[in-house]
Amino acid sequence: TQPAKIRNFCIIAHIDHGKSTLADRMLQITGIVDDRSMRAQYLDRMDIERERGITIKSQAVRMPWEVEGQTYALNMIDTPGHVDFTYEVSRSLAACEGAILLVDAAQGIEAQTLANLYLAMENDLTIIPVLNKIDLPAADPEKYAKELADLIGGKPEDVLRVSGKTGMGVAELLDLVVEKIPAPTGDADAPARAMIFDSVYDAYRGVITYVRVIDGMLKPRQRIQMMSTKATHELIEIGVSSPEPIPSQGLGVGEVGYLITGVKDVRQSKVGDTVTDFAKPASQALPGYTDPKAMVFSGLYPIDGSDYPVLREALDKLKLSDASLNYEPETSVALGFGFRCGFLGLLHLEIITERLEREFGLDLIATAPSVPYEVTTEDKKTVTVTNPSEYPTGKITRVSEPLVRAGILTPKDYVGTIMELCQSRRGNLLGMEYFGEDRVEMKYEIPLGEIVFDFFDHLKSRTQGYASLDYEEAGEQDSDLVKVDILLQGEQVDAFSAIVHKDKAYAYGLMMTERLKKLIPRQQFEVPIQAAIGARIIARETISAIRKDVLAKCYGGDITRKRKLLEKQKEGKKRMKMVGRVEVPQEAFIAALQGD
Ligand code: GDP
Ligand code: MG
């Protein structure tokens, strides 16, 4: 297809504003999926995507669309809307010339609407503002058309109104895509350059890499090179998804499609990397490649220790399709053998744990999420600490923690309660901006460690679910942080150590000692439970001793009953963990980590 007849666009929106549903209607209206094979969220292929109704991996499809007797090829890229996957969104945007900015006509602009819009503007995309769900009785298109027009400039009348559910306005929207979004440009005679915006693992075909060709041409059997790693591969197949894969004779300037090289690991096809011709390579890679960074760490342990090999294998498998997942083995006194895993964010952690449990039948316990701290010791060595129990001992001269810039969009009535929440999390208000009559965007700089735990839940409950949150990395800051340890009879319980701000250390110590006192059964001797910073005890509870004799009740007579009791006690012992002399049921550790 000639570049003049191509339009590359994506749909950007806050989560649940209807991207996937609108994409479904487009597939139907352009005739590439017939009514019989249609199912909701057609492009969301993973089970977990369907069940949660969220898009995790981007997808690209090519659709024919006729305007005034001319047939155009529309390449639509459906992007994930959640903060954790911003990197994927930004790569998808870089593959397009335009974006449909979709806003729920009953909700208006939300935090991720803004975050995605800013990303699209940074990529110089042509923006088409659209109100969705106008079939809803609660829709208020007048109000929100004005809000959108105020945000991006233009007139409220120019904001298109559609319903992804009924299909109303969708044909007009596709006409507008052809009319407004510029055709791609590039140099057809230059050495081939194509940007990888997605790569997925397929059990049968290996890695499928989605690319957007910028210059030159890619053809089947050509030898290609990945510019960041210099790895070379032969193109076994090249084609377009429409929405099923259709092999083609090549992809030229402006085209979007897939490549198959037979590699088995997505790390060999990195999102953001540039593909070039091995025989005639381009001299310069396309801009924008960065390695996604793990921001949240957690230890994952099988509840049944014998599942450890299954967990290892499951992680190896997931890694094939998710380059942003990383892990290494770790052991814990309390939880046994497991893995310390790094995630892009909390949703990513949740999704991976859920996939491990669901797809591999594992029962897992995850330790409290932690962020990477830079810790400098007296001898001027700096280490990155992702597991609190590996915090260096001895004198610490400096600790720095990651910061994020958070945007919270909320009805203005909740400004007070949000300020209170953010202050309690050491947030620093950077500014506020009003949208329309009643909505405010509050910008905060806030330590990531303060929001990974339960910030989002608190935000939602304080605002009856109305506030939305988006955040991006914003460097690091030095802080007064300390490690709090929890000791049972003087022995440290690694899984409970936490790195917290000095002012919050006491509260953490108190909470954990009280919680453990309730959970750990009495022993034959007294067990002190302490919270400590280094050698200094900051909180203490005591479990008093009992004499436990399970046979006392059996009056000597019934031997089989006695034996049964002893066996039962042995069973129980298997699930006990020893911390020094103290026996603790594993359930107690799990309950303490989960909180209330
Ligand atoms: P995404 O997260 O942006 O991909 O949103 P989805 O397409 O998954 O839609 C979120 C929810 O809104 C689903 O329950 C959809 O059925 C519903 N929805 C999407 N579009 C419309 C629409 O035009 N009208 C109505 N009434 N509901 C819609
Ligand atoms: Mg979706």
Side-chain angles (χ1 to χ4, degrees), residues 9-30 33 35 38-61 63 76-86 88-90 92-93 96 99-117 119-120 127-145 148 159-174 176 198 243 345 347-348 350-351 354 409 456 460 465-466 468-470:
F9 72 99
C10 54
I11 308 176
I12 54 178
H14 190 76
I15 195 154
D16 278 348
H17 280 204
K19 285 184 307 285
S20 302
T21 308
L22 178 63
D24 285 351
R25 286 300 80 66
M26 291 181 171
L27 299 182
Q28 228 170 354
I29 231 170
T30 57
V33 175
D35 297 349
M38 195 64 214
R39 53 173 198 263
Q41 277 107 33
Y42 192 91
L43 300 172
D44 293 345
R45 286 164 200 239
M46 276 198 263
D47 281 351
I48 183 162
E49 290 184 308
R50 301 182 158 279
E51 278 169 34
R52 294 189 165 214
I54 57 171
T55 308
I56 297 166
K57 296 299 288 185
S58 320
Q59 294 283 350
V61 295
M63 305 176 290
M76 170 179 63
I77 295 169
D78 185 27
T79 58
H82 192 275
V83 281
D84 286 4
F85 306 102
T86 297
E88 294 201 356
V89 179
S90 77
S92 307
L93 295 182
C96 301
I100 294 174
L101 179 68
L102 196 66
V103 171
D104 185 326
Q107 305 281 336
I109 293 164
E110 303 210 50
Q112 283 147 44
T113 316
L114 295 177
N116 287 324
L117 172 65
L119 279 177
I127 314 276
I128 300 181
V130 176
L131 284 176
N132 188 31
K133 307 196 190 181
I134 51 158
D135 61 289
L136 285 178
D140 190 349
E142 299 305 321
K143 176 175 169 192
Y144 294 122
L148 256 178
V159 175
L160 199 65
R161 296 162 190 204
V162 309
S163 165
K165 187 172 170 191
T166 66
M168 191 182 144
V170 177
E172 290 83 342
L173 176 55
L174 292 175
L176 212 57
D198 197 9
L347 181 73
H348 190 212
E350 237 179 77
I351 286 169
E354 196 175 319
L409 205 73
F456 193 61
K460 284 288 177 191
Y466 281 116
S468 53
L469 167 74
D470 194 271

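Indexing begins at 1, ligand by ligand and atom by atom, following the structure's order.
Looking at K133, M168, K165 and measuring to atom 17 (C) of ligand 1, the nearest heavy atom belongs to K133.
Under the salt bridge (Lys or Arg N to Asp or Glu O under 4.0 Å) criterion, E142 pairs with R161, not counting sequence neighbours.
Considering backbone and side-chain atoms together, G18 places an N or O closer than 3.5 Å to an N or O of ligand 1. On a distance-only criterion, A13 and ligand 1 share no N/O pair closer than 3.5 Å.
Taking every non-hydrogen atom of L136 and a distance limit under 4.0 Å, the qualifying atoms of ligand 1 come out as 26 (N).
In summary, of the residues considered (V103, L102, T113, L93), a side chain to side chain contact (heavy atoms under 4.5 Å, CB included) with I12 occurs for L93 alone.
Between the side chain of D470 and the backbone N or O of Q112, no donor-acceptor pair lies under 3.5 Å.
Side chains of H14 and Q107: a donor-acceptor N/O pair is absent below 3.5 angstrom, by distance only.
With a heavy-atom cut-off of 4.0 Å, H17 touches ligand 1 through its backbone alone. Residue-level proximity to ligand 1 for T21 is carried by backbone and side chain together, each with a heavy atom below 4.0 angstrom. Counting heavy atoms under 4.0 Å from ligand 1, residue N132 touches it through the side chain alone.
By the 4.5 Å heavy-atom criterion applied to side chains, I100 and M26 are counted as neighbours. Contact check for I11 versus M76: side-chain heavy atoms found under the 4.5 Å cut-off.
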